[in-house]
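Provided herewith is a single structure, encoded as structure tokens, for subsequent inquiry.
Given the structure is predicted, the values throughout are model-derived calculations rather than measurements. Just so it is clear: chains get the letters A, B, ... in the order the sequence lines come, proteins before strands, and each one is counted from 1.
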2 protein chains.
Amino acid sequence: MKLASNLQEQVASHLRRRILSGQLLPDTPLREQSLAEEFGISRGPIRDALLHLTKEGLLVAKPNVGVKVAAEPSGFKRNVIVHLRREIEASAVTAWFGTRDAGLLRRLDDNLALYREACGGSDLGQVVELDMAFHRLIVEAADQGSLVDLWLPIMLRMFLRYSRHRDLMESYREHAVIVRAMHAGREWEALEALKSHIV
Amino acid sequence: MKLASNLQEQVASHLRRRILSGQLLPDTPLREQSLAEEFGISRGPIRDALLHLTKEGLLVAKPNVGVKVAAEPSGFKRNVIVHLRREIEASAVTAWFGTRDAGLLRRLDDNLALYREACGGSDLGQVVELDMAFHRLIVEAADQGSLVDLWLPIMLRMFLRYSRHRDLMESYREHAVIVRAMHAGREWEALEALKSHIV
DNA sequence: TGATTGTCATTTGTCAACAATCAAGCAGAA
DNA sequence: TTCTGCTTGATTGTTGACAAATGACAATCA
């Protein structure tokens, strides 16, 4: 899962996980030099990675000053984000019901099993990753995955406040309900379960 | 409008304009070295700019190979994009009607005047920029502009096929209808005009 | 013939040194 | 005291050289 040939991607995914799991709190500044020393590489790939994360909305940059971890979205913004995510993921599910490709169902089942396990454990980073992977699988299934790049920054901004007020097991059950409805071919039920899961 | 202290932003906005105005067609490859020579700078800032544009959805990158201009979104994707834009911009207009700040109306009036002028001329790049500026003003007005970074990549992907099938004067008139409804304080009318303008 | 391997030019990935910029703290004057 | 302007240390911005990966084409072997 973590194998990327180029350093910038490795650095980016490493930092992404640290931010989403709450290890790096909002407003924490990230300096190129110290990150370069920490990873034992030069500043070049670090710069690329920080630029990546900035465009994904996890960091905010000020020219000639540097980047820091982005603040949680305001209530207003978060409300818009919720609607956007629903729109994207609901479109993907609707598209899937046009084909009912079995491959997606298998992958979702696999994800559910891992997710349930991770909820019991204590590795929040792992939970976040599996939760995100679940929704990513759904989005990827539609239209050759063309929605992923649209969806990802929206999803990430929402997950900036993942750790707080979240019942992990409840989240698992909601995933399970969605998948069950898809197995049974009940489109309306799946869509409703998905929409009420995204809040 | 074009003054940015750092080179990467200058390069990025230059290339952005060339792509949106149709000078650079989809699938056109962009090489770091040739761009560096063209702009008379080194590859560093070029890299940063290309990374920027990639994350904005205007370019697509393949590791160790390079970037090329992104293809127009598929019909399915475009449909989703339309809904996302409507959601964001409608939220912004609704928020504005809560305050009815006069500053926005003045800026929109100014933009309309310039836009009308540009539609008569032949500089498509100018038209695109003013069209985008119009919608950006609306989005910026809500919630301290917090929606802009969410909105921009969505908007840009849509504008990848700007040049084709577009009646410029008709677009101007639709802008004018929206602003008129806002002046008159007719929220429902403004929202309907906005939604039907985004297609 | 057809598939495979080797070579080569092109292009991106990475690095370390240097330049430009900014924010903070201090000195001095009103 | 409070404000202005300077100095300074830290941090980002930029550069050119070198390393690694890729794709195309030619040479080789079954």
Pairs where residues 185-194 of chain B contributes a residue and the test side chain to side chain donor-acceptor pair (under 3.5 Å) is met, not counting sequence neighbours: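 Every side chain to side chain donor-acceptor pair (under 3.5 Å) pair that includes a residue of residues 185-194 of chain B, provided the two are not neighbours, is B:Arg186-B:Glu189.
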
Restricting to pairs with a member in residues 38-63 of chain A, which pass ring pair (Phe, Tyr, Trp, His ring centres under 6.0 Å), not counting sequence neighbours?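 Matches after skipping sequence neighbours: A:His14-A:Phe39.
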
Would you kindly confirm whether B:Ile154 and A:Leu147 end up in one hydrophobic cluster when ILVMFWY residues are joined by side chain heavy atoms under 4.5 Å apart?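 Yes; A:Leu147 is reachable from B:Ile154 via cluster members.
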
How does the hydrophobic cluster around B:Val60 look, that is, which other residues are in it when side-chain heavy atoms under 4.5 Å mark a link?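 Direct or chained contacts put B:Val60 with none.
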
For chain B, the stretch of DNA chain C it reaches, first to last nucleotide, under 4.0 Å of its heavy atoms: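 Boundary nucleotides touching chain B, in 5' to 3' order, are C:dT11 to C:dT14.
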
Roughly how many Å is it from CZ in B:Arg31 to C1' in D:dT22, rounded to a whole number?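 Whole-Å distance recorded here is 12 Å.
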
With sequence neighbours excluded, what pairs up with A:Phe76 under the ring pair (Phe, Tyr, Trp, His ring centres under 6.0 Å) test?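 Partners of A:Phe76 by the ring pair (Phe, Tyr, Trp, His ring centres under 6.0 Å) criterion come out as none, since no residue qualifies.
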
Go through residues 58-68 of chain A and report each residue with a non-hydrogen atom lying under 4.0 Å from DNA chain C, sorted by number.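 Contacting residues: A:Lys62, A:Asn64, A:Val65.
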
List in numerical order all residues of residues 37-48 of chain B for which some heavy atom is under 4.0 Å away from an atom belonging to DNA chain D.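 When residues 37-48 of chain B is checked for heavy atoms under 4.0 Å from DNA chain D, the hits, listed by number, are B:Ile41, B:Ser42, B:Gly44, B:Pro45.
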
Checking A:Asp48 now: which residues fulfil side-chain hydrogen bond (donor to acceptor under 3.5 Å, both in side chains) with it, not counting sequence neighbours?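 A:Asp48 satisfies side-chain hydrogen bond (donor to acceptor under 3.5 Å, both in side chains) with A:Gln8, B:Arg47 once adjacent residues are dropped.
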
Apart from B:Val177 itself, residues in the same hydrophobic cluster as defined by side-chain heavy atoms under 4.5 Å: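 B:Val177 shares its hydrophobic cluster with no other residue.
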
Whole angstroms only, please: what is the CD-P distance between B:Glu32 and D:dA21?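 Rounding to the nearest Å, CD of B:Glu32 and P of D:dA21 are 17 Å apart.
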
What's A:Leu50 touching, base or sugar-phosphate or nothing? Going by heavy atoms closer than 4.0 Å.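 Since no nucleic acid heavy atom lies under 4.0 Å of A:Leu50, the category is nothing.
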
Atom-to-atom span, CD of B:Gln33 to P of D:dC18 - whole angstrom: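 Answer to the nearest Å: 15 Å.
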
Quick one: side-chain hydrogen bond (donor to acceptor under 3.5 Å, both in side chains) partners of B:Ser74, sequence neighbours excluded?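 Once residues adjacent in sequence are excluded, the partners of B:Ser74 under the side-chain hydrogen bond (donor to acceptor under 3.5 Å, both in side chains) criterion are A:Asp143.
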
Evaluate the side-chain proximity of A:Val69 to A:Leu58: yes if any heavy-atom separation is below 4.5 Å, no if none is.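 Result no, sub-4.5 Å side-chain heavy-atom pair not found.
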
Please identify each residue that fulfils ring pair (Phe, Tyr, Trp, His ring centres under 6.0 Å) with B:His83, with sequence neighbours left out.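 For B:His83, no residue satisfies ring pair (Phe, Tyr, Trp, His ring centres under 6.0 Å) once neighbours in sequence are set aside.
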
Pairs involving residues 94-149 of chain B, ordered by first then second residue, that meet ring pair (Phe, Tyr, Trp, His ring centres under 6.0 Å) (sequence neighbours left out):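 Of all non-adjacent pairs touching residues 94-149 of chain B, those that pass ring pair (Phe, Tyr, Trp, His ring centres under 6.0 Å) are B:Tyr115-B:His175, B:Phe134-B:His175, B:His135-B:His175, B:His135-B:His197.
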
Under a 3.5 Å cut-off for both contacts, is D:dT14 paired Watson-Crick or G-U wobble with anything, and if yes, with which nucleotide?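 D:dT14 is paired with C:dA17.
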
